[in-house]
Structure formats: structure tokens, C-alpha cells
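Here the structure comes first, spelled out in C-alpha cells, and everything after it is commentary.
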Amino acid sequence: MAATLGLDWALDWLHRAGAVLAEQRMALIELDRVIGDADHGENMERGFTAALAKLEAAPPATPGAALKSVAMTLMSTVGGAAGPLYGTAFLRAATALGDAEELDDAALLAMLTAARDGIVARGKADPGDKTMIDAWTPAVDAAGAAVGQGPAAVLRAAADAAALGAEATEPLVARKGRASYLGERSAGHRDPGAQSTSFILRAAADAAGNA
Amino acid sequence: MAATLGLDWALDWLHRAGAVLAEQRMALIELDRVIGDADHGENMERGFTAALAKLEAAPPATPGAALKSVAMTLMSTVGGAAGPLYGTAFLRAATALGDAEELDDAALLAMLTAARDGIVARGKADPGDKTMIDAWTPAVDAAGAAVGQGPAAVLRAAADAAALGAEATEPLVARKGRASYLGERSAGHRDPGAQSTSFILRAAADAAGNA
Amino acid sequence: MKKLINDPRAVVEETMEGFGLAHADLVTVSLDPMYVVRKDAPVVTKVGLVSGGGSGHEPLHAGYVGRGMLDAAVPGAVFTSPTPDAVLPATLAANTGAGVVLIVKNYTGDVLNFETAAELAQAEGVDVRTVLVNDDVAVEDSLYTAGRRGVGGTVLVEKLAGAAAERGDSLDAVEEIAKRVNAHVRSMGVALTACTVPHAGVPSFELEEDEIEIGIGIHGEPGRHRLKLESADAITARLLSPILADLLPTPGQRLLLFVNGMGGTPQSELYIVFRAATQILEDAGLQVERSLVGNYVTALEMQGCSLTVLALDDEMIELWDAPVHTAALRWGV
Amino acid sequence: MKKLINDPRAVVEETMEGFGLAHADLVTVSLDPMYVVRKDAPVVTKVGLVSGGGSGHEPLHAGYVGRGMLDAAVPGAVFTSPTPDAVLPATLAANTGAGVVLIVKNYTGDVLNFETAAELAQAEGVDVRTVLVNDDVAVEDSLYTAGRRGVGGTVLVEKLAGAAAERGDSLDAVEEIAKRVNAHVRSMGVALTACTVPHAGVPSFELEEDEIEIGIGIHGEPGRHRLKLESADAITARLLSPILADLLPTPGQRLLLFVNGMGGTPQSELYIVFRAATQILEDAGLQVERSLVGNYVTALEMQGCSLTVLALDDEMIELWDAPVHTAALRWGV
Ligand SMILES: Nc1ncnc2c1ncn2[C@@H]1O[C@H](COP(=O)(O)OP(=O)(O)O)[C@@H](O)[C@H]1O
Ligand SMILES: Nc1ncnc2c1ncn2[C@@H]1O[C@H](COP(=O)(O)OP(=O)(O)O)[C@@H](O)[C@H]1O
Ligand SMILES: [Mg+2]
Ligand SMILES: [Mg+2]
Ligand SMILES: [Mg+2]
Ligand SMILES: [Mg+2]
């Protein structure tokens with residue numbers, strides 16, 4: 001396992017994320033259909049397809065530049081609630097990385113924290129509101145606890161916690177986003193944004209495991 | 001069995017016709033749904049309900065007056081193709097009866113013939129076009145053959161022939177009315193107007209059998 | 001059957017009551033007998049224009065009563081032509097002494113009932129002309145059918161004849177315009193789903209999840225044949241080709257292209273069809289000069305659409321552009 | 001899924017292409033980024049009015065671009081708010097230097113994307129105001145929801161603010177009118193059937209043959225609760241009562257009553273609901289002074305309707321009656 005992660009990892013991450021979102025498009029649509037408006041999978045796939053094409057067309061020089069490119073593309077292609085939220089997350093993550101070429105545990109934690117904080121700043125959701133924050137927050141916490149065990153371990157901890165966090169949104173009653181219109185009827189269904197967060201963080205960990 | 005039929009028979013006929021059309025409303029709608037526009041049963045029931053109410057409100061003095069009253073009400077309440085056709089049929093039938101109080105075999109035959117001729121005059125259908133004419137024409141022929149056997153026998157012959165005529169519309173390809181739009185696809189289904197004719201003539205025969 | 005109604009038998013009456021309330025500035029509604037007249041009818045010395053037919057095709061015909069279009073409309077029961085005793089008073093109300101043109105869609109029931117009404121009105125001294133609309137190329141016009149049906153083209157006949165009447169044309173002239181429009185208009189429709197007549201309670205026909213019905217009428221009657229669902233572009237081509245084969249427009253001909261929704265189809269789909277139709281027509285060297293897109297002649301909640309093409313001349317364009325003020329069509333006023 | 005479409009992913013683009021072809025006299029359509037502007041934009045020294053949101057609600061918003069209403073509209077993907085990079089050029093195109101009001105329906109996605117666009121436009125020197133529309137009483141406006149949604153009331157906000165902008169009102173004044181209309185308008189909807197988002201391919205929710213969904217939104221999202229199907233009169237009462245409980249109009253208050261079809265409901269049913277609503281309002285001593293009945297804010301092919309009630313003042317009546325010339329709303333011109 002590498003002691004730091006570089007541009008290769010970042011690109012591998014983003015490609016893996018694009019692949020899993022494409023593959024899970026219908027699953028995310030289905031989650032959103034039940035408590036939302038059936039577009040989350042479509043939106044995310046459209047966004048990541050465009051983001052990968054952009055990375056291809058204008059190859060970035062650093063991990064931060066890669067995340068910034070993705071941020072801008074998501075902002076202008078995803079739309080809906082997820083577009084600005086993920087766009088902000090990737091933008092803040094990019095800013096946190098600056099032009100570092102190699103990322104250690106601390107850098108990765110800073111990246112995840114900045115992403116989460118960006119989503120909170122824009123969306124104003126609290127933990128437990130049944131949003132993507134409920135995957136991001138445990139992920140940041142777990143990553144923090146794993147700092148010192150190496151980048152792959154940090155990201156694995158984040159991904160595992162995000163997966164549990166996404167699952168844990170099921171019993172919750174939504175208070176933010178479209179699912180909140182359903183009131184009590186939103187309970188019993190997983191939040192699509194928390195699920196897509198879990199997919200994206202798993203992709204980061206898998207890429208690190210291969211680095 | 002009575003040798004002639006009078007006003008009582010005429011009123012009994014019309015009430016029986018109203019009753020059977022109300023009872024068979026959905027069956028006629030269903031026949032019309034398949035090769036038409038699903039309104040024949042509704043139209044006929046609406047018309048006869050109104051016609052019976054009118055007979056109640058302004059009791060006629062002769063069989064001819066009863067048929068004329070029904071004709072006018074059908075004309076103004078049924079609409080569609082069946083309204084003017086049955087309206088004309090009853091009007092011509094009434095004219096054929098004049099102010100006769102008692103109707104013998106010949107009068108009944110004249111009545112049925114006038115009704116059929118009225119429908120042909122308005123609708124210009126030929127036998128075999130898959131219309132109510134395919135019930136009326138055999139009914140008139142059979143009634144003609146039964147003249148001399150008494151009113152009940154004349155009407156029974158007409159009703160039996162109309163029933164067979166209605167059934168015999170099934171294999172026909174429609175050339176008149178709404179079913180003609182279907183072309184070959186109209187074959188295999190009974191014509192709703194021929195079926196309602198059969199119900200109405202059966203009611204006439206049943207009333208005569210009870211007279 | 002799921003409908004926003006009270007009693008299936010009160011559908012037409014309650015609809016017309018609501019229509020009268022919503023458009024009290026435009027029309028007066030008579031409930032028994034049932035007909036709708038222009039608020040300002042009879043308009044002095046103008047030829048009267050009257051139409052009608054079964055209900056369930058809203059906004060046809062009541063939605064087209066008003067300045068520059070119909071003077072009166074007569075709604076029958078759902079999918080059932082109205083009776084002469086309703087057509088007669090509507091005709092009388094529309095008569096200013098200049099005569100009345102009846103626009104009748106070519107269905108046996110409509111023809112017979114309007115025929116009787118015309119006779120009755122004539123007996124009362126009204127000069128009545130009847131113009132049959134029969135624009136539906138899905139039906140063969142032969143000895144073996146009741147003839148072509150009147151469908152989408154009806155709106156165009158009513159608009160152009162209405163504009164002619166409004167500008168003061170004579171009875172002969174209004175009749176001529178109506179016949180001219182009918183002679184130059186063709187339509188063809190497709191259904192993706194059936195509709196349910198309220199008093200019947202079950203859909204008028206069954207279509208599988210992947211089937212469509214080509215050559216559909218507007219009365220929930222089945223069409224000519226069934227196909228597997230195709231793309232909007234392919235369906236549009238299928239509808240346009242018999243229209244063009246029958247209309248035979250010469251290259252450069254100016255057209256009015258009318259994409260009509262059957263009641264249950266989203267507007268977005270109508271625009272997708274409009275796009276496809278425009279491409280086909282322009283590729284054929286024809287000129288889409290005027291257009292209309294929306295739900296104008298419907299079949300209750302049926303999903304599907306019809307295409308109507310009218311070959312325009314200068315006068316028709318002028319009449320189309322003339323002001324109209326009705327519940328469903330309004331411009332220039 | 002049965003739709004008159006080609007590729008589910010091309011639905012919005014092809015719709016807007018067709019829209020641009022059909023209304024070339026009124027609008028210019030930009031496909032990438034996707035937005036629609038008034039043909040004559042920017043209109044000199046007029047405050048600009050821009051709206052937008054997910055597609056699938058046609059004629060909202062592109063159908064309301066034109067004289068007396070919107071200067072530009074920005075359609076997103078189906079049921080997905082548009083992105084800032086499309087809202088920005090639309091905002092710039094609508095700006096004459098007098099500033100721009102953005103009319104935004106209150107959904108998280110719309111709010112966030114328009115917020116970013118507003119910041120970007122401001123950075124380019126445009127004075128931008130944002131007015132949120134949140135008229136849907138089906139949603140509790142509390143800390144525990146994303147707040148009330150913008151639904152049918154949006155059309156009224158756009159019409160009245162558009163008329164104010166057209167007559168030359170200042171940016172402050174147009175913003176004030178828009179906010180005032182929003183403060184006095186309430187809506188509530190019902191669905192009889194679900195709709196199917198083209199890229200999803202399956203209906204957004206399931207309803208039994210005898211069930212309806214009360215408090216439905218316009219995004220195919222489920223409503224607040226389910227009921228057994230009732231009569232149109234009963235359903236109308238159910239929709240009106242929370243509206244009135246929240247709006248609290250005083251006796252004699254003049255109202256605009258707007259019965260909106262969700263896309264798949266026959267016009268006749270909308271008039272039956274209009275009739276019932278008028279009766280209830282008049283029995284409550286209120287005055288239905290203006291009305292609108294039709295498919296104006298839809299959810300694809302959903303069957304159902306929404307009721308919108310606006311408490312009118314003299315200025316609102318004047319602005320409502322002012323000329324408007326758009327694809328979907330037109331009078332006085
Ligand atoms: N205020 C918010 N804060 C954080 N996340 C949110 C917020 N609102 C919505 N989300 C997330 O966005 C997801 C929905 O995204 P998407 O379906 O693409 O957008 P939309 O709801 O506009 O259709 C939800 O599942 C939720 O995780
Ligand atoms: N030209 C015609 N001559 C005789 N009968 C006809 C003709 N056209 C239609 N019919 C009869 O009318 C019946 C349909 O009546 P109805 O459904 O009430 O009217 P519509 O076809 O206008 O809906 C047909 O089944 C047929 O028997
Ligand atoms: Mg969504
Ligand atoms: Mg019929
Ligand atoms: Mg009929
Ligand atoms: Mg969405």
C-alpha cells in the first residue's frame with residue numbers, strides 16, 4: 001500500500017465513481033422514485049459522464065485540479081439538489097487539497113471534511129435529516145479515527161462508515177430535500193443521496209486499495 | 001289470445017321495451033364498445049326512460065298516439081345514430097297505424113314495414129351492412145309470412161326472426177355507421193342496434209302473448 | 001374508472017355549468033335544451049355559425065364560441081351527437097336574418113340529427129346551410145364505409161369560416177370558405193391508450209403495454225390497425241404519409257400544421273411530434289406557414305395525438321390571423 | 001412506458017426544438033445551454049423577468065415567455081432544476097440594465113441553482129432579485145420540511161409580475177408585486193394516477209384503481225396521504241378547505257380561482273371541479289372575480305388537478321387583465 005496517494009489515484013477514483021454511478025443508475029432512480037422524484041440516478045450519471053469526458057479533454061495536473069474540474073462539471077450538468085451540493089463538495093475538497101501532488105492521511109481527512117462542510121454550508125442539513133450528510137458525517141468521523149493507518153485505511157474507514165450511514169437513513173423521517181414533503185411516510189426508505197455518497201466513497205477506497 | 005291488440009298492448013309493449021333496455025344497458029354498451037363508441041345502451045335507456053315518463057305525463061288515446069309520443073321523445077333524447085333512426089321508425093309506425101284502436105295482423109305488418117322503411121329512408125343501409133336493418137328486415141318478412149295466424153303469432157315470428165337477424169350480424173363486415181370505420185375488424189361482433197331491435201320486438205311479442 | 005366527476009350521468013350538465021361560470025363574459029349556457037351561445041348573440045347582420053356534436057372532445061365545440069368563431073355550440077351526451085331539439089334553438093339564436101351555417105362532423109348520428117334540425121329551422125324561415133367536415137384519412141371514403149370522419153380539421157373549418165362570418169361575408173361566401181377549408185384539410189390520429197366513457201365505466205378498447213392504435217377516431221372507437229410502439233419520429237411519419245398521399249400538395253405549398261393532443265398526452269410530446277412533422281414537411285419542399293399545437297379536439301383522457309395539415313391560400317392565412325376570442329382559442333383581442 | 005418520444009434522454013431538447021419551431025414569432029431557443037428568451041429581448045429599459053425549473057411541467061415555464069410575462073425561461077432536465085450555467089445567460093439576456101427578478105419555485109434544487117446563478121449575474125453587474133414561490137399548502141412550512149413548494153401559484157406570480165415589468169415598474173416594484181402575489185396565493189393538488197418520468201420508465205408511485213393521492217406535488221413525488229376515490233365535489237372541498245384555512249380571506253374578498261389540470265385530465269373534469277369550487281367559495285361569501293381553467297402547470301401525463309386561490313386587490317386585477325402574448329397565455333393582443 002502506498003503511503004501517499006497522487007493524481008493516478010484521484011483519476012482512478014473518479015473513473016470508478018463514474019462507473020458505479022452508471023451501473024447503479026436505476027437503483028438510485030428507484031430509491032428517489034419512492035421518496036423523491038425519480039431523477040437522482042439519472043442526474044448523477046449525466047454529471048459523472050460529463051465530468052469524465054472533461055477530465056479526458058483537459059487532463060488535470062494535480063488531484064486538486066481533478067476534483068475542481070469535476071466540481072465545475074457537476075455544477076453545470078447535474079442540476080436538482082444534488083448538483084450544487086456535490087459541486088460544492090468537490091470544489092471545497094479541491095480547495096482543501098490545494099496543489100499538493102501527494103496526499104497523506106491528514107490531507108485526505110481535510111479533503112473529506114471540507115467536502116462535508118461544503119454540503120452543510122449550502123444545504124443546511126443537520127445529521128439525522130435523512131440526507132447525504134448522514135453518509136458524509138460518519139465517513140468524516142471514521143476517517144479521522146483512522147488517520148495514521150495510511151491512506152487506504154483512512155478511505156476504507158470512510159467508505160465503510162458511509163455505507164452504514166446510508167443504511168441508517170432508512171428509518172429516519174426526512175426533514176430536508178424533497179423527501180421531507182412526505183413527512184412520516186419517508187421513513188422506511190433509504191435516502192438516495194446518502195447512497196450515492198456511499199458509492200462515491202467506496203470508489204475512493206477501492207482506488208486506494210489498488211494504488 | 002286476442003284477435004286484435006289495442007292500447008293496453010301498446011303500452012305494455014313500450015313498458016316491457018323500456019324495462020329490457022334498462023336491464024340490458026350494459027350489454028348494449030359492451031357490444032357498442034367493441035365496434036363503436038360504447039354509448040348505445042346508455043342512449044337507448046335514456047330515451048326509453050324519457051319516453052315512458054312522457055307517456056305517463058300525457059297518456060295517449062290510441063296505439064298510434066303512443067308510438068308517436070315515443071317517437072318524438074326518442075328523437076329529442078337519444079341522439080347519436082340510433083335516435084333519429086328509432087325516432088323515424090316509431091313515427092312512421094305511428095303514421096301507419098293512424099287512429100286505429102284495434103290492430104289486426106295486417107295493421108301490425110303495416111306498422112313493422114313502415115318502421116323498417118323509415119330506417120332505410122334515413123340511414124340508407126342495405127341488408128347485410130351490419131346495422132339494425134339486419135334485424136328489422138327478416139322481422140318484417142317473417143311477420144308477413146305469419147299474417148293470418150293472429151297478432152301474437154305475427155309478433156312472435158317477427159321477434160324470432162329479429163333475434164336470428166341480430167345474431168347473423170356477427171360475421172358481417174360493417175358498411176354503415178361507426179363500425180364501418182373498423183373495416184374487416186368489425187367482423188366477429190354483433191351489431192348493437194340489431195340487438196336492441198331484437199329486444200324491442202321481443203317485448204312486443206311478449207306483450208301480445210300476455211294480451 | 002377514476003374520474004373527477006360526481007354522477008356519470010351529470011357529467012355534461014355539470015361541465016357546461018362550470019364552463020358557463022368560468023366564461024360568463026363570453027357565453028351564455030342553456031342547460032335544457034343544452035346549448036351555448038355567444039354572450040352578444042345574435043350579432044347584428046352577421047351570418048351565424050353553429051356547430052356541435054358529442055361531448056368528450058373538449059374544448060370542441062363550446063370552447064370555440066365567441067367573436068371570430070362560432071355563434072353557438074350544441075354539446076350532446078358523451079360521444080353522442082346532440083338531438084334536433086337542442087340544435088334548433090341554437091340555430092335560431094345564431095340567426096340574425098343573414099342565415100346560418102351548420103358545421104357538422106361526418107358521423108351518421110351527427111348528420112341525421114343536424115339534418116332534422118336544419119329542416120326544422122328552415123321551416124321557421126332560417127336560411128340554413130350544412131357543411132360536413134370529413135378530414136380523417138384513416139377511414140376510406142367509399143361505398144363500404146360511413147365515409148370519412150370529421151376530426152381535427154373541424155377546428156380549422158370553424159376558425160376560418162368564423163373569421164369570414166365575422167368580417168361580414170355573405171351566407172354563400174361563408175359556406176364556400178367552410179367547404180374550401182374542408183376540401184384542403186386532412187388528418188390522421190394515433191392512440192397510445194384508450195379512454196373510458198363515464199357511463200360505460202370501462203376503457204373503450206384494450207391495448208397492450210407495447211401497442212399503439214393507428215388511425216384512431218375521437219370517439220374511443222378503435223382505429224384501423226395496431227402496431228408495436230415506435231419512436232415519435234416513426235409514428236409521425238406514419239401519420240403524415242397518408243395525409244400527404246391524399247392531399248397531394250405541390251412543392252412550395254404553404255401549410256398550416258396542427259398537432260393535436262387527444263387529452264392525456266403531455267404537451268412536451270406534442271412538440272416532439274411537431275418537430276418531427278416539420279422536418280418531414282420541409283424535407284418534402286413544403287412550407288409550414290402557420291401552426292397550432294395543443295389539446296383542441298380530444299377524446300376524454302386518451303393518450304395520443306392527431307396530425308392535421310391544411311393547404312393554405314392567401315385568404316385562409318388572412319382568416320386564420322384574424323382576431324378570435326373564445327375560451328380555447330384567442331388572439332388579436 | 002408508452003410515450004410519443006424518441007430517446008428518453010433527448011426529450012427536453014427535442015421538445016424545445018419543436019417549441020422553438022412552433023413559436024418562432026415569439027421566442028428564441030438556445031439549446032446549449034438550454035434557455036428560451038423573448039424574440040424581442042432585451043426590451044429596452046424594462047425590468048427582466050426570468051423563471052425556470054425542471055421540465056415536465058409544460059407549458060411552465062417556456063410557454064410563458066413573451067410580452068407581458070417572462071423575458072426568459074430555463075428548462076432543466078425532466079423534474080430536475082436547471083444549472084447555473086444556463087440560468088446565467090438567460091438572466092443576462094433578460095437584463096436591459098434595469099435589473100432582473102428571478103421567479104424560483106421553492107425546491108432545494110431550484111433554490112441552490114438559482115442562488116448560484118444570481119451570484120454569478122451579480123458579479124457581472126446585474127441587479128438581481130430572487131422571489132421564491134411557495135404556495136402549496138399540502139406541505140407544512142416548518143423547520144421539519146424543505147418548506148412549502150411552489151406549484152400553480154407560480155403562473156399567477158409570473159403573469160402579474162410580468163405585467164408590472166411590462167408597464168415599466170421599477171425593479172423594487174416588480175419584486176414587491178411578485179412577493180405580494182406569492183403572499184396571497186395558496187394551492188393544493190390531487191392525483192388520480194401517477195406519471196412516468198421518461199428516463200425512469202416506471203410510474204412514480206402506485207395507486208390502486210380506487211385510490212387517490214391528496215396533496216400531490218408536481219414532480220411525481222407522492223403526496224401527503226391516500227384516500228379512496230370520492231366525488232369531484234367532495235375532492236374539491238378537501239382541496240379548498242386547507243387553502244381557505246391558510247389564506248383566511250375576509251367575507252366579500254375578491255378571488256382569482258385557478259383550476260389547473262395535471263396534464264392527463266380531460267377539460268370537462270376541470271370544469272366540474274371549477275363548478276364545485278365556485279359554489280363553495282360563493283357559499284362562503286367570497287367572490288370569484290377572475291378565473292383560469294386548464295393545463296397550465298402539469299406533471300407530465302398525471303391525472304388530477306390542483307386548485308389555486310389568489311386574494312385579489314385592485315392592482316392585481318389590473319395586472320391580470322393587462323395584455324399578455326405567450327405561447328400558453330394570450331389576451332389583449
Ligand atoms: N438540504 C440538503 N442537504 C443535503 N443534502 C440534501 C439536501 N436536500 C437534498 N439533499 C440530497 O439530495 C438528494 C436528492 O438529489 P436529486 O434527486 O438529484 O435532486 P432533487 O431532489 O432536486 O430531485 C437527496 O437524496 C439528499 O441526499
Ligand atoms: N346508416 C344506418 N342505418 C341503419 N342503422 C344504422 C346506421 N348507422 C348506424 N346504425 C345503427 O345504429 C347503431 C349505433 O347506435 P348508437 O351507438 O346509439 O349511435 P352512434 O353510432 O352514433 O354512437 C348501430 O349499431 C347500427 O345498428
Ligand atoms: Mg430527485
Ligand atoms: Mg354508439
Ligand atoms: Mg355515439
Ligand atoms: Mg429532481
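We use all heavy atoms of the structure for the numbers below, so side chains are in, but hydrogens, waters and symmetry mates are not. Remember, it's a predicted structure, so these values are computed and weren't measured experimentally. Lettering of chains follows the sequences in order, A, B, ..., and the numbering in each one begins at 1.
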Just wondering, do [Y] and [X] contact through their side chains at under 4.5 Å, heavy atoms?
| X | Y | value |
| --- | --- | --- |
| Glu58(D) | Pro266(C) | no |
| Leu4(C) | Ile272(D) | no |
| Arg275(C) | Glu14(D) | yes |

[X] portion near chain C, given a 4.5 angstrom heavy-atom threshold:
| X | answer |
| --- | --- |
| Ser291(D) | side chain |
| Leu192(D) | both |
| Glu282(D) | neither |
| Thr298(D) | neither |
| His325(D) | neither |
| Phe274(D) | side chain |
| Val333(D) | backbone |
| Asp7(D) | neither |
| Ile5(D) | both |

If you tally heavy-atom pairs under 4.5 Å against chain D, which of Ser268(C), Gly263(C), Gly20(C) wins?
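Top count of heavy-atom pairs under 4.5 Å with chain D: Ser268(C).
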Could you have a look at Gly261(C), Pro59(C), Ala276(C), Ala299(C) and say which one has the most heavy-atom pairs with chain D under 4.5 angstrom?
Pro59(C)
Is the backbone of Asn6(D) close enough, under 3.5 Å, to the side chain of Asp233(C) for a donor and an acceptor to pair up by distance?
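No, because the side chain of Asp233(C) does not come within donor-acceptor range (under 3.5 Å) of the backbone of Asn6(D).
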Answer yes or no: is there a donor N or O on one side and an acceptor on the other, between the side chain of Gln303(D) and the main chain of Lys3(C), under 3.5 Å?
no
Tell me, for Thr15(C) versus chain D, whether the close heavy atoms (under 4.5 Å) come from the side chain, the backbone, both or neither.
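Contact with chain D is through both the backbone and side chain of Thr15(C).
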What part of Pro198(C) lies closer than 4.5 angstrom to a heavy atom of chain D: side chain, backbone, both or neither?
neither
Partner chain C: residue of [options] with the largest heavy-atom pair count (under 4.5 Å):
| options | answer |
| --- | --- |
| Glu209(D), Met1(D), Lys2(D) | Lys2(D) |
| His23(D), Met16(D), Arg290(D) | His23(D) |
| Gly264(D), Gly56(D), Gly63(D), Ala24(D) | Gly264(D) |
| Gly18(D), Ala328(D), Ala10(D) | Gly18(D) |

Nearest 0.5 angstrom please: Asn295(C) CG to Gln267(D) CD, how far?
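Spacing of CG (Asn295(C)) from CD (Gln267(D)) equals 8.0 Å.
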